[in-house]
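To keep things clear, I will list the structure first and then write my remarks on it.
Quick note on labels: first sequence line is chain A, next is B, and so on, each numbered from 1.
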Amino acid sequence: MCNVETIEIIINEDGTMTSDATGIAGEICEEELQKILGALTDVNNAVLRTEYHEPSAGIKAGSAKTHQQAGAGD
Amino acid sequence: MPCNRGYITNWNWTEAQRPIIDLRTVYLALKKLGIMWNEAPQSLNNWHEARNSLTSSQKVAQRIISLSRLANLVNEIQTLNIPQITLSNGMILSWRNGSYSIGKQERIRSGQQTQTGAEISQFVTNFDAAYASIEIEMQNELDNILEDIESGKSQLAAEEIEAHRARIDSEKNALNKSRQQLRETRMKHVETVGETLGYAIRKQRIGKKIKYVLVRNP
């Protein structure tokens with residue numbers, strides 16, 4: 001069975017963004033976010049969730065990465 | 001003519017922590033940092049001057065004129081189209097996808113590591129802090145005026161209240177418009193790129209936020 005790749009992107013009222021990905025392995029996830037958001041913001045400044053650094057979690061549960069631009073009004 | 005062989009000219013760009021969208025805030029943030037905006041538009045210089053000239057010691061009629069001038073200048077600044085801002089420290093602010101990015105050009109030997117990365121990063125941090133504090137300062141200034149008017153504390157003549165309100169409206173509208181443009185640019189980008197990469201896209205409005213869920217079967 002294939003993992004479904006899901007990326008959630010929230011655009012806040014002030015234009016800042018947060019994103020959250022599941023079902024995509026760590027580095028690939030980063031590449032994917034770079035493709036989608038790279039032209040808009042600095043994905044390299046992303047705040048990584050702990051799952052990102054856990055290979056097993058990446059395979060079993062789908063790794064995740066949260067990209068958050070500071071100042072986001074959540 | 002010097003030989004350029006072996007060198008590459010490179011641009012190093014960094015995003016600020018918060019979107020840089022407002023020219024007036026940029027102008028004041030640079031002033032705060034003691035950095036000059038090379039050839040800043042005259043309307044911004046005029047706006048700064050008009051803002052500083054607003055004092056309670058002015059006569060009412062004079063203050064009303066200053067407030068109207070300020071409102072007009074804010075509207076005028078809003079129509080400016082400035083793709084690039086050159087700073088006295090060699091940095092450049094470049095308009096990209098609804099906000100400004102900060103960068104600097106460098107000339108390095110091919111294969112050599114960037115020399116300007118740390119410098120840009122430091123400047124972005126300083127600029128971001130200055131921009132944030134000016135943003136809050138400007139917002140507080142308007143909120144305080146409005147509060148004084150609404151509480152009746154300021155005891156102003158109706159004409160002056162009207163002039164204050166017009167100025168506040170122009171400033172708030174300008175900022176809202178810039179934010180709206182930024183949101184729209186980002187929304188369009190996410191939709192276009194997401195679709196190109198083969199994601200099914202679901203869009204949802206949560207209060208004032210827009211949530212996109214991009215789903216793909218690998």
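Rounding to the nearest 0.5 Å gives a distance of 15.0 Å between CZ of B:R179 and CD1 of A:I11. Atom CG of B:N217 and atom CD of A:E5 lie 8.5 Å apart (nearest 0.5 Å).
In B:Q139, the CD atom is crowded: over 12 heavy atoms of neighbouring residues, nucleotides or ligands sit closer than 6.0 Å. Enclosure of atom CD in B:E162 is not indicated, since only 12 or fewer non-hydrogen atoms of other residues, nucleotides or ligands lie within 6.0 angstrom. Counting heavy atoms of neighbouring residues, nucleotides and ligands inside a 6.0 Å radius, atom NZ of B:K188 does not exceed 12 of them. Other residues, nucleotides and ligands place more than 12 heavy atoms under 6.0 Å from the CD atom of B:Q84.
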- request: Would you check, one step at a time, whether the test side chain to side chain contact (heavy atoms under 4.5 Å, CB included) holds for A:E32 with B:L197?
  value: CA-CA 9 Å; A:E32 206 61 14; B:L197 293 172; 4.0 Å; yes
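A:L40 and B:R186 get closest at one heavy-atom pair: O-NH2, 3.1 Å.
Residues A:E13 and B:K209 are not paired through a salt bridge, judged by the lack of any N-O separation under 4.0 Å between the basic side chain and the carboxylate. With respect to the salt-bridge test (charged N to carboxylate O, under 4.0 angstrom), the residues A:E8 and B:R202 do not qualify.
A heavy-atom distance below 4.5 Å is not found between the side chains of B:K211 and A:I9. Counting heavy atoms from C-beta outward, B:Y212 and A:I7 have side chains that stay 4.5 Å or more apart. Side-chain atoms of A:I36 and B:L214, non-hydrogen and from C-beta on, do get closer than 4.5 Å to each other.
Of the listed residues (B:V193, B:I210, B:L182), the greatest number of heavy-atom pairs within a distance under 4.5 Å of chain A belongs to B:I210. Taking B:T185, B:I206, B:T196, B:V215 one by one and counting their heavy-atom pairs under 4.5 Å with chain A, the maximum is reached by B:V215.
With hydrogens and angles ignored, the 3.5 Å screen pairs no side-chain donor or acceptor of B:R18 with any backbone N or O of A:T16. No side-chain donor-acceptor contact under 3.5 Å links B:R183 to the backbone of A:N12.
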